[in-house]
Amino acid sequence: MKVFVVFGTRPEAIKMCPLVLKLKEERNIECVVCLTGQHKEMLKQVMDAFDVQEDYNLEIMKDRQTLTTITTSILEKIEPVLQKEKPDVVLVHGDTTTSYAAALAAFYQQIPVGHVEAGLRTGNIYSPFPEEMNRLLTDRISTMFFAPTEDNKKNLSSEGINNNVFVTGNTVIDAFQYTVKSDYKFSDEALNTLDFSSSRVITLTAHRRENLGQPLRNICNAVKKIAVEYADVTFVYPVHLNPAVRDVVFDVLGNVSNIKLIDPVDVLDMHNLLARSFMIMTDSGGLQEEAPHFGKPVLVLRTETERPEAVEAGTVKVVGVEENDIYESAKKLLDDSDAYENMAHAINPYGDGRASERIVEALLSR
Ligand code: UD1
Ligand code: UDP
C-alpha cells in the first residue's frame with residue numbers, strides 16, 4: 001500500500017512525524033512524505049527534531065502569504081506529484097489550508113483521503129478562521145476519519161459521517177516519547193538561563209489569524225501589566241515568525257526585563273519547557289492538548305475552543321481576548337494557590353501515546 005502523507009506547518013509536522021515513523025516501520029506500506037512548505041524554518045525545526053526526511057517539498061511559503069495564494073500554489077504544485085506517485089491513500093492532518101488544499105487535490109485525482117485529527121469543531125465558521133472551514137471541508141472530502149476523542153466522533157456523526165471513523169487518540173501524545181526527557185538541556189541558550197525554582201515561568205504563545213491586530217494587542221497589554229506587577233514571574237514568548245505577529249509583540253513587549261521574547265524554539269525545547277513551566281497562556285490548538293499532559297494550567301486566549309475535553313476536566317480555561325479578562329484570570333492563578341491547584345492536575349483525554357499505531361492498523365485493515 002502506498003501512503004502519501006502531506007503536511008506543511010509546524011503543528012501538522014509535530015503530529016504527523018510520529019505517524020510517519022510508524023508507517024515507515026511497516027513492511028507492507030510504502031510511505032511517501034510531501035511537504036507543502038506552507039512553513040519553512042518552523043517546519044524544518046520539526047523535521048530535524050524527529051529526523052524525518054521528506055520526499056517532496058513544494059516550497060510554497062511567501063512573506064505575509066494570503067489564504068488564496070497558499071491554496072492555489074498547493075493545488076497547482078501537488079497535482080503532478082500525485083499523478084506521478086499514484087498513491088492508494090493520501091493522509092492529511094487537522095485544519096490548516098495545507099490540509100484542505102491537499103485533500104482537494106487528492107479528490108481531483110480520485111485518490112481516497114484519510115483525515116488525521118478529524119471531527120474537531122467550534123460550530124463557528126469564522127473562529128478559528130479559516131481553520132473551522134478547513135476541517136469541515138476536509139471531512140467532506142475524506143473517506144477515512146481518525147478522530148482523537150469520542151467527542152470528535154460524535155461531531156462527525158452529527159454531520160452524518162458514520163463510516164470508517166476510528167477513535168485513535170491524538171498523535172501529539174505519541175510525540176512525547178521522542179521529545180520529553182527529565183535531564184533535558186535546552187538547545188536555546190535563553191531557556192538555559194531561566195531559573196525555574198526561584199521564578200514562576202509562564203510560557204506564552206499567540207499567533208492566530210483572528211487574533212491579529214487589536215486582540216493580539218490586548219493580549220500583550222495584559223501580559224505587560226502582569227509582568228510589571230509580579231517581579232517573580234518570567235514570561236517566555238517564542239514569537240511566531242509571521243511579521244504581522246512580530247510587529248505587535250515587539251512593539252508592546254519589547255522592553256520589559258521579565259518578558260523574554262525569543263524566536264520559535266524546536267519541539268524538544270518546547271515540550272521540555274512546558275514540563276517545567278508554572279502555567280501556559282496561549283491561543284494555540286496544540287498547546288491546549290499538550291500542557292494538560294504535564295499538569296499545567298492553560299489560559300486560552302480565544303473566545304472558544306474546539307478542544308472541550310480539557311476544559312471539562314478543569315485544566316484549561318477559555319478567557320477571551322479582552323485585556324482585563326486576561327489580566328484577572330492570570331492574576332487569580334498567581335495569587336490563589338487553591339485556584340492554581342484546582343487546575344494543575346495532569347489529565348490525558350487525548351490518548352495513550354498509541355494513536356499512530358491505531359491509524360496504521362486501520363489503514364492495513366482496509
Ligand atoms: C498556519 C495555519 C494555522 C496554524 C499555524 C501554526 C492556515 C491558514 N493557518 O498559520 O492553522 O495554527 O500555521 O503555526 O493554514 N513564516 C515564516 N517562516 C515560517 C512560518 C511562517 O516566515 O517558518 C511567516 C511568513 O511570513 C508567512 C507567515 O508567517 O507568510 C504566516 O504563515 P501562515 O502559514 O500563512 O499562517 P500561520 O499564522 O502560521
Ligand atoms: N511549538 C514549538 N515551538 C514554539 C512554539 C510552539 O515547537 O516555539 C509547538 C507546540 O509545542 C505545539 C505546536 O508547536 O506542539 C503548536 O503549534 P502552533 O501554536 O503554531 O499551531 P496550532 O497548534 O495553534 O495549530
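Source: prediction; values computed, not measured. First listed ligand is number 1; within each ligand, the first listed atom is number 1. Computed over heavy atoms, backbone and side chain alike; hydrogens, waters and symmetry mates excluded.
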E189 versus N192, side-chain donor and acceptor atoms under 3.5 Å: yes

Just by distance, no angles: are the side chains of T138 and S99 close enough, under 3.5 Å, to form a donor-acceptor pair? no

In terms of relative ring orientation, are F278 and Y340 parallel, tilted or perpendicular, with 30° and 60° separating the classes? parallel

Quick one: which of R307, K154, E309 gives a side chain to side chain donor-acceptor pair (under 3.5 Å) with T149? E309

Please tell me if the side chains of H271 and Y184 come closer than 4.5 Å, counting only heavy atoms from C-beta onward. no

With heavy-atom distances below 4.5 Å as the criterion, would you say the side chains of E26 and C31 are in contact? no

Under 4.0 Å from ligand 2 - residues by heavy atom, chain and number: R10, P11, I14, H207, R208, P238, P264, V265, D266, V267, M270, H271, S284, G285, G286, L287, E290

Check the pair H39, V46 against side chain to side chain contact (heavy atoms under 4.5 Å, CB included), reporting the backbone distance first and the verdict last. CA-CA 11 Å; H39 284 176; V46 186; over 6 Å; no

Salt bridge or not between K15 and E12? Use side-chain N to carboxylate O under 4.0 Å. no

Which parts of the protein, at residue level, reach under 4.0 Å of ligand 1 through a heavy atom? T9, P11, Q38, H39, K40, E41, M42, M61, K62, D63, R64, Q65, L67, I70, T96, T97, P130, E131, H207, R208, R209, H240, L241, N242, P243

Kindly indicate, with the supporting measurements, whether the criterion side chain to side chain donor-acceptor pair (under 3.5 Å) is fulfilled by T36 and T98. CA-CA 7 Å; T36 62; T98 281; 2.8 Å; yes

